[in-house]
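This report concerns only the one structure given below.
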Amino acid sequence: MTDDLLARHRAVLPAWLSLYYDEPLEIVSGSGSRVTDATGRTYLDFFAGILTNSVGYGLPELREAVQEQLGRGVVHTSTLYLLRSQVELAEKIAKLSGIPDAKVFFTNSGTEANEAALLLATTYRRSNQILALRSGYHGRAFATTGVTGNRSWSATSFSPFQVTYVHGGYRFRSPFRDLDDEAYVAACVDDLRELLAVATAGEVACMIAEPIQGVGGFAVPPDRLLAAYKEVLDETGTLFVSDEVQTAWGRTGEHFWGINASGVVPDAMTFAKGLAGGWAIGGVVARGDLMDCIGANSISTFGGNPVATTAANAVLDYILSRDLQANAAKVGTRLHEGLRDVAARCPSIAEVRGRGLMVGVELVRPDGRTPDTEAAARVMEETRKAGLLIGKGGLYGNVLRIAPPLILTEAEAEEGLGILTDVLERVDREARG
């Protein structure tokens, strides 16, 4: 990337639209799990466009499907007309969801999907009271910012909702961190009941939760936690919305949807990111009576458009036919095991967590507790120099986020693990002087 492009970016785009790296990267091409920048340097991509390029780059099946649709000359018609690819995709997702009598509404992003789910829940329950998880993130629009439990991503205190934040999966800094799984769940449930009694007016619309918190640093709750929460919610008819924007399509390896680990069938699930392999699409799948509760007229101009749904059908078929969920479990297990081995040698690594091809590495200062944001930034820079792209997150920006395309091979996993091992060990030695 030239300095001129960076200057042009800064001149016309918002200051809060952050860029990775001291010298930001312009990606111009890609193939498989690798991308190439404007200088011709190639990188192994372990972040996949924030978990969006689920089937990597240049997939022939995706390219051919999109080219065929473009060849028909119809890029857009709107939801005012029947769209065959939209109906076919909705049928697949409704069946895969496991939600009884499911219906699907398509949007353009995860933010918009969560906005739609919150509209459904508050309309259905006639309430603006929402339960959300601490450290959770659900998007950058007005309503979704209002239910985001992560101050670094909360742009405003204004909100259309009365929000109560409950404990989630981030246990490292929790007051319940020393409890085992069973005791942790019990403490969280007790806290939920107390919050319902003292911090709400009853008739809560819904709880919205990520099964694994993405921006929050790939924090994973005990499997029983969300199931126990839903048992409490069911006592009053409060709805449960699972935000699957980052956890869907088999990425966790163990399950197709992240919430499946809890044995819970939610009232609604939101999705986006990896569904179309990079094409803009999101949506909500929900119980039919919940989806149909909107009394006013509504459409989605671009949601579910012919090109995006054609791309999504091709990607979903590819994921299922190639069993990329099993691949995520296999290569993800290797990454988790390898990084835990590194953590055992490096005190600066407080925790390695996640599932499948969602791996979080939390970095701390020598006291074992203080977030080391600078070390995370250093690892980002050094892995980039070594030819590997990763992400970061967490409340303090001290958690490395590793989420390669679902097509990642075992050889590529070893290659990336080797780079991460070398960089983490060097940064750890520097931190200890």
Asn313 versus Thr310, side-chain donor and acceptor atoms under 3.5 Å = no
task = Hey, can you tell me if Tyr20 and Phe47 have their rings parallel, tilted or perpendicular (30° and 60° cut-offs)?
result = tilted
note = Which of Asp428, Val361, Val427 passes side chain to side chain contact (heavy atoms under 4.5 Å, CB included) with Cys346? It is Asp428
message = Could you walk me through whether Asp181 and Arg224 satisfy the salt bridge (Lys or Arg N to Asp or Glu O under 4.0 Å) test, starting with their C-alpha distance in whole Å, then the side-chain angles of each, then the deciding distance to 0.1 Å, before giving a yes or no?
response = CA-CA 8 Å; Asp181 283 1; Arg224 174 69 184 139; over 6 Å; no
task = For the residue pair His167 and Phe176, categorise the inter-ring angle as parallel (less than 30°), tilted (30 to 60°) or perpendicular (more than 60°).
result = tilted
request  = Scan side-chain atoms only and decide if Thr111 and Ser109 contain a donor-acceptor pair under the 3.5 Å cut-off.
outcome  = no
task = Mark yes or no: Arg287 above the aromatic ring of Tyr124, with NZ or CZ under 6.0 Å from the six-membered ring centre and no more than 45 degrees from the axis.
result = yes
task = Using only heavy-atom distances, determine whether the side chains of Ser152 and Asn150 contain a donor-acceptor pair under 3.5 Å.
result = yes
message = Quiz question: by atom type and distance under 3.5 Å, do the side chains of Glu412 and Thr409 form a donor-acceptor pair?
response = yes
task = Decide whether a cation-pi geometry holds between Arg384 and Tyr21; the criteria are a distance under 6.0 Å from NZ or CZ to the six-membered ring centre and an angle within 45° of the ring axis.
result = yes
request  = Can you tell me which residue pairs pass the ring pair (Phe, Tyr, Trp, His ring centres under 6.0 Å) test with a partner in residues 293-330, sequence neighbours excluded?
outcome  = His76-Phe302
key: Parallel, tilted or perpendicular: ring planes of Phe271 versus Phe106, cut at 30 and 60 degrees   = perpendicular
key: Side-chain donor-acceptor contact under 3.5 Å, Gln213 with Arg134   = no
